[in-house]
Each structure stands twice: as C-alpha cells, then as structure tokens.
Amino acid sequence: MPNCKLFCIPYAGGSAAEYQDWQLLMKSDAVEAVPVELAGRGVRARVPLCSTMDEAVADIYEMIQAQIDGQPYALFGHSMGAIIAFEVSRMLSKQNVMPSPVHLFVAGRNPPHVPRRADAKVLHELDDEAFIEEIIQFGGIPEELIAHRGLFRMFMPMLRKDYTVSERYQFQSDDSKLRCPISVLYGTLDHSTAEVMSQWQRYTSGSCSLQAYEAGHFFIHDYREQVVGWIESELAGTLTASVGRS
C-alpha cells in the first residue's frame, strides 16, 4: 500500500499545533499527518491574516500544491477548515497538472449549500464581551486562556477575522464534482444530523461515509484517538482500492 500525506487544516482560531500529535496516534507509517498553518499564527505569524474565504483558500492551495510530490495525498479540515479543505480540493481537482486528492475528510461543518440555522448568531458582528462569551460557550478554548481575559484579548483580532471569513463564506455552485471519497465526521450534540451531513454526497462522484461522535463541536479533541483511527482506516481502504485499480 502506498504512503499518503494527510494535510490537516485547523478551525477558526486554531493552528497547526492542533494536529501536532496526530502522527503519534497513527498505527502505521502509511499515512503522514501534515499539519497546515493558517496565515497569521505559529510559524506564519508575520503573514497577514486572510480577510475572505477566497484569500484563505488561495493561500492554503499554494502551500499544499508546493508539497505535492507524486505520492497520494488527502485533506482533512475541521469547521472553517472543512470548507477550506473542500474548496482547495475543488481547485486541485479542476487543474490538470498535479494529481487530485485521493480522499477528503470534512469535520464539524454542514455541506456548503445548507443555510445557517435561523437562530444562529453572527459572531463576528458582536461586541467584544459578547463575542468572548459566545466563543467560550462554543468550546475548544484552553482553560488557562479563559482564566486570563487580558491574554484572551490578544487573540481577539485573529479570532474575529477567522469568524468573519467563515461566516461570510458563500458557496459558488457549479456542475463539477470531486472524484474522491468524502468522509464526514460530526458531533451529535453540535446541531448536526446524519440526514444533513449525508448531503455532502452531492459533491463527489465517489462514496460518502459518515462517522458520528457523542459530543459537541470539538469532538476532534474529545475523541482524538478514535478520530485519527477512523481516518486512518478510511484512508487504508482508499489506498488499497487504488492499488487494485492500478
């Protein structure tokens, strides 16, 4: 079975550090987890933050295409990162120079055609205090950051910019479809249902599989080992099938 790179794209406010231990959780060397750093954080702290989804997608596209070396590769993204992974996969599938991704994993995000819930707040439009409270309730923020509001406020520009990018995203539909399988992960306590999440199927001519976890939006932290294990299993099936077709 060939080796495969798995490019991992973080959520709004997140960084490549969210995936730094994924390689250690892999049970074999067949999959190489490659954490992708968004602009304005980590080793790319000096790079200006992206203001639109188009900018974020173009930025990550350039980073990933520079690392495509002929071996199979897949993309994973959580929440905002899921949309970036999806849109980057669309771009990669439309060009004829490099191989397309063999698999797409989307976590914690409804399919792009599904409208926001009527009762969902537009977080990036809230004042600072309301924004902070909503982010804390959403989960995923380290306790030490919550305890030090002054430190929290240092991350506010990045958080607000990321939520602006995510919440202003508008899907531009066309007739194209991905040719790779799409695997969907979601938390059952995150306003997600199998009926809605299964609609990711419409964006690929391949298969679409679902995996649910009894948790909220940040199930990828609560079930880290299980999430990585399922991804590895799904990729093993894809890579084995590709060998059979070659």
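Position 1 is the first residue of the sequence, and the numbers go up from there.
Sorted by first then second residue, the salt bridge (charged side-chain N to carboxylate O under 4.0 Å, His left out) pairs that include residues 44-58, not counting sequence neighbours, are Arg44-Asp59. Under the salt bridge (charged side-chain N to carboxylate O under 4.0 Å, His left out) criterion, the residue pairs touching residues 26-42 are Arg41-Asp162, with sequence neighbours excluded.
Heavy-atom contacts from other residues, nucleotides or ligands closer than 6.0 Å to CD of Gln95 number more than 12. A 6.0 Å sphere centred on CD of Glu62 holds more than 12 heavy atoms belonging to other residues, nucleotides or ligands. Under a cut-off of 6.0 angstrom, the local environment of NZ in Lys177 is crowded, with over 12 non-hydrogen atoms contributed by other residues, nucleotides or ligands.
Counting only heavy atoms from C-beta outward, the side chains of Val102 and Cys4 approach each other to under 4.5 Å. A 4.5 Å side-chain heavy-atom check between Val196 and Pro111 finds at least one atom pair inside the cut-off. Leu210 places a side-chain heavy atom less than 4.5 Å from the side chain of Ser198. Proximity of His103 to Tyr73: side-chain heavy atoms (C-beta onward) are nowhere separated by under 4.5 Å. A heavy-atom distance below 4.5 Å is not found between the side chains of Thr164 and Ser166. Glu167 is not listed as a side-chain neighbour of Glu125, based on a closest heavy-atom distance of 4.5 Å or more. When side chains are defined from C-beta on, Met98 counts as touching Leu92, because their heavy atoms get closer than 4.5 Å. Between His221 and Glu18, some side-chain heavy-atom pair lies under the 4.5 Å cut-off.
For the pair Lys5 (side chain) and Gln67 (backbone), a donor-acceptor distance under 3.5 Å is present. With hydrogens and angles ignored, the 3.5 Å screen pairs a side-chain donor or acceptor of Thr204 with a backbone N or O of Gly206. The backbone N or O of Lys121 sits less than 3.5 Å from a side-chain atom of Arg116, completing a donor-acceptor pair. Looking only at distances, a side-chain donor or acceptor of Asp127 sits under 3.5 Å from a matching main-chain atom of Ala130. A donor-acceptor pair is defined here as one N or O able to donate and one able to accept, closer than 3.5 Å; no such pair exists between the side chain of Arg109 and the backbone of Ala82. In this structure, Gln211 contributes its side chain and Leu185 its backbone to no donor-acceptor pair below 3.5 Å. At least one donor-acceptor pair closer than 3.5 Å links the side chain of Ser89 to the backbone N or O of Ala85. The backbone N or O of Gly229 sits nowhere less than 3.5 Å from a side-chain atom of Ser233 that would complete a donor-acceptor pair. Using modelled atom types, no side-chain atom of Glu234 and backbone atom of Pro181 make a donor-acceptor pair closer than 3.5 Å.
The line from CD1 of Ile136 to CZ of Phe131 is 11.0 Å long, rounded to the nearest 0.5 Å. Note: Ile135 CD1 to Phe155 CZ = 13.5 Å, rounded to the nearest 0.5 Å. The distance from atom CD1 of Ile9 to atom CD1 of Ile83, rounded to the nearest 0.5 Å, is 11.0 Å.
Proximity of the aromatic rings of Phe105 and His78 is defined here by a centroid distance below 6.0 angstrom, and this criterion is not met. Annotation: Trp230 is not in aromatic contact with Tyr223 [ring centroid separation under 6.0 Å not met]. If you look at His113 and Tyr203, their ring centroids are closer than 6.0 Å. Between Tyr186 and Phe219, the gap from one ring centroid to the other reaches at least 6.0 Å.
Here Lys94 pairs with Asp174 under the side-chain hydrogen bond (donor to acceptor under 3.5 Å, both in side chains) rule; sequence neighbours left out.
Using modelled atom types, one finds a donor on one side chain and an acceptor on the other under 3.5 Å when comparing Arg179 with Ser100. In this structure, a donor-acceptor pair under 3.5 Å is absent between the side chains of Ser51 and Arg168.
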key: side chain to side chain contact (heavy atoms under 4.5 Å, CB included) between Val88 and Phe7, intermediate numbers included   = CA-CA 11 Å; Val88 169; Phe7 294 103; over 6 Å; no
task = Before giving the answer on side chain to side chain contact (heavy atoms under 4.5 Å, CB included), spell out for Tyr169 and Glu87 the whole-Å C-alpha distance, their side-chain angles and the decisive distance to 0.1 Å.
result = CA-CA 11 Å; Tyr169 166 71; Glu87 291 289 2; 2.6 Å; yes
task = Start with the C-alpha distance between Val31 and Ile231, add both sets of side-chain angles, then the distance that settles side chain to side chain contact (heavy atoms under 4.5 Å, CB included), and finish with yes or no.
result = CA-CA 10 Å; Val31 179; Ile231 290 172; over 6 Å; no
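Here the shortest heavy-atom pairing between Tyr213 and Val227 reads OH-CA, 3.6 Å. When every heavy atom of Arg224 is checked against every heavy atom of Leu25, the shortest pair comes out as CG-CD1, 3.5 Å.
Classification of the Trp22-Tyr19 ring pair by plane angle, with boundaries at 30° and 60°, yields perpendicular.
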